[in-house]
Amino acid sequence: MLKTIKASIRTIPDYPKTGIMFRDISTLLENPIAFRMSIDAIVHRYMNKNITAIAGIEARGFIFGSAVAYALGARFIPIRKAGKLPSKTISQAYQLEYGEDRIEMHTDCLQHGERVVLIDDLIATGGTAAAAIELIRQLEGNLIESCFVVDLPDLGGSHKLKTELDCPCFALCAFEGD
Ligand code: AMP
């Protein structure tokens, strides 16, 4: 199953700039079996764990996160790029593998101690996820785990989450070497 998921992900060398091996999940999404397997595997991991909220990171985290939230009967909380959320927000800057950005959450989107899983498509350096973890914790969510379809372990993000941020980290598949 995990082999099918990994095989469905296309690699585009030198996108969006030279030296980046872009792991393109659009081919996974276009493969109904691989997409269903991905969602089912994540749902299976968190069912019966009293997860009440799935926080998904814009944009690809929305695709996986909303399907998982629907299946678990949990709320979906969007973590958005700066300037997109209309009500009162908190904000956190972060470094990308290629650039810099800022993400935001509505201040009233989580209840105190609520059991949350963070979802994104991929973890590379972990900058995006670390910023999201910071926001969820500022809002006093109880972050149970961060979950990704793809881990790029050699870029150190998943290790950083576990060791420096004390946040369990799970991925459906990994690409070694970059
Ligand atoms: P990072 O903050 O370095 O962990 O980067 C994670 C975010 O950037 C995710 O939202 C990914 O969608 C995107 N990203 C970073 N590196 C790659 C890559 N090599 N292939 C595809 N997406 C990537």
Side-chain angles (χ1 to χ4, degrees), residues 2 4-31 34-35 38-39 41-42 53-69 76-85 89-105 109 116-138 141 143-178:
L2 298 180
T4 305
I5 294 169
K6 184 170 177 178
S8 73
I9 297 167
R10 171 170 62 184
T11 297
I12 314 274
D14 298 323
Y15 180 87
K17 64 182 195 189
T18 309
I20 305 287
M21 296 288 275
F22 192 84
R23 306 302 180 176
D24 178 19
I25 55 98
S26 62
T27 44
L28 182 160
L29 300 173
E30 289 161 16
N31 178 332
F35 185 44
S38 307
I39 300 303
I42 298 171
I54 299 292
I57 303 175
E58 186 174 1
R60 291 185 287 268
F62 289 3
I63 301 167
F64 296 96
S66 59
V68 169
F76 179 75
I77 311 290
I79 302 180
R80 298 215 60 183
K81 301 280 166 60
K84 301 281 187 182
L85 290 170
T89 58
I90 54 169
S91 172
Q92 185 71 38
Y94 64 99
Q95 297 286 326
L96 281 175
E97 190 182 355
Y98 37 83
E100 191 187 285
D101 222 331
R102 180 171 280 277
I103 49 173
E104 297 181 340
M105 293 176 79
C109 69
V116 185
V117 170
L118 173 68
I119 295 189
D120 201 2
D121 67 324
L122 179 145
I123 182 160
T125 66
T128 317
I133 289 167
E134 172 64 28
L135 292 175
I136 291 167
R137 288 181 172 162
Q138 267 185 47
L143 184 58
I144 302 303
E145 189 161 77
S146 54
C147 172
F148 305 88
V149 177
V150 181
D151 183 16
L152 305 182
D154 295 338
L155 292 174
S158 49
H159 181 72
K160 175 179 153 179
L161 260 51
K162 290 174 205 157
T163 57
E164 291 176 29
L165 300 177
D166 196 25
C167 178
C169 181
F170 169 74
L172 292 179
C173 65
F175 288 85
E176 315 281 339
D178 43 20

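Predicted model, so just to flag it, every value in this text is computed and none were measured. Read the numbers this way: they start at 1 and go in the same order the structure lists the ligands and their atoms.
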Point to revise | Proximal ligand 1 atoms for Met21, defined as those under 4.0 Å from one of its heavy atoms | key: 18 (C), 19 (N), 20 (N)
Exercise for review: Take Leu161 and Ile133 through the test side chain to side chain contact (heavy atoms under 4.5 Å, CB included) and record every step on the way to the result.
Suggested key: CA-CA 9 Å; Leu161 260 51; Ile133 289 167; 3.7 Å; yes
**Study point:** N or O pair under 3.5 Å between Ala124 and ligand 1
**Key:** yes
**Study point:** Within-shell test, Gly126 vs ligand 1, heavy atom, strictly < 4.0 Å
**Key:** yes
Check your understanding: Is it true that a side-chain atom of Lys81 and a backbone atom of Asp101 form a donor plus acceptor pair closer than 3.5 Å?
Key -> no
Point to revise | Contact with ligand 1 for Leu152, non-hydrogen, under 4.0 angstrom | key: yes
**Study point:** Close approach, Leu122 and ligand 1, non-hydrogen under 4.0 angstrom
**Key:** yes
**Study point:** Atoms in ligand 1 with a heavy atom of Asp121 nearer than 4.0 Å
**Key:** 9 (C), 10 (O), 11 (C), 12 (O)
Check your understanding: Could you walk me through whether Phe148 and Phe64 pass the ring pair (Phe, Tyr, Trp, His ring centres under 6.0 Å) check?
Key -> CA-CA 9 Å; Phe148 305 88; Phe64 296 96; over 10 Å; no
Review point. Can you check salt bridge (Lys or Arg N to Asp or Glu O under 4.0 Å) on Arg80 and Glu58, steps first, answer last?
Key: CA-CA 5 Å; Arg80 298 215 60 183; Glu58 186 174 1; 3.1 Å; yes
Point to revise | Contacting atoms of ligand 1, where contact means under 4.0 angstrom from a heavy atom of Arg60 | key: 11 (C), 12 (O), 13 (C), 22 (N)
Study note, to complete from the structure: Short version for Asp120: what comes under 4.0 Å of ligand 1, heavy atoms counted, is side chain
Practice item. Measure from the side-chain N and O atoms of Glu104 to the backbone N and O of Leu85, and report whether any donor-acceptor pair falls under 3.5 Å. Key: no
Exercise for review: List every atom of ligand 1 that sits less than 4.0 Å from any heavy atom of Thr128, numbering the atoms from 1 in the order shown and giving each element.
Suggested key: 1 (P), 2 (O), 5 (O), 6 (C), 7 (C)
Check your understanding: Do Ile119 and Val68 have side chains that get closer than 4.5 Å, going by heavy atoms?
Key -> yes
Check your understanding: If you measure every N/O of Tyr94 against every N/O of ligand 1, is any gap under 3.5 Å?
Key -> no
Check your understanding: Would you say the side-chain atoms of Ser158 and Asp151 include a donor-acceptor pair closer than 3.5 Å?
Key -> yes
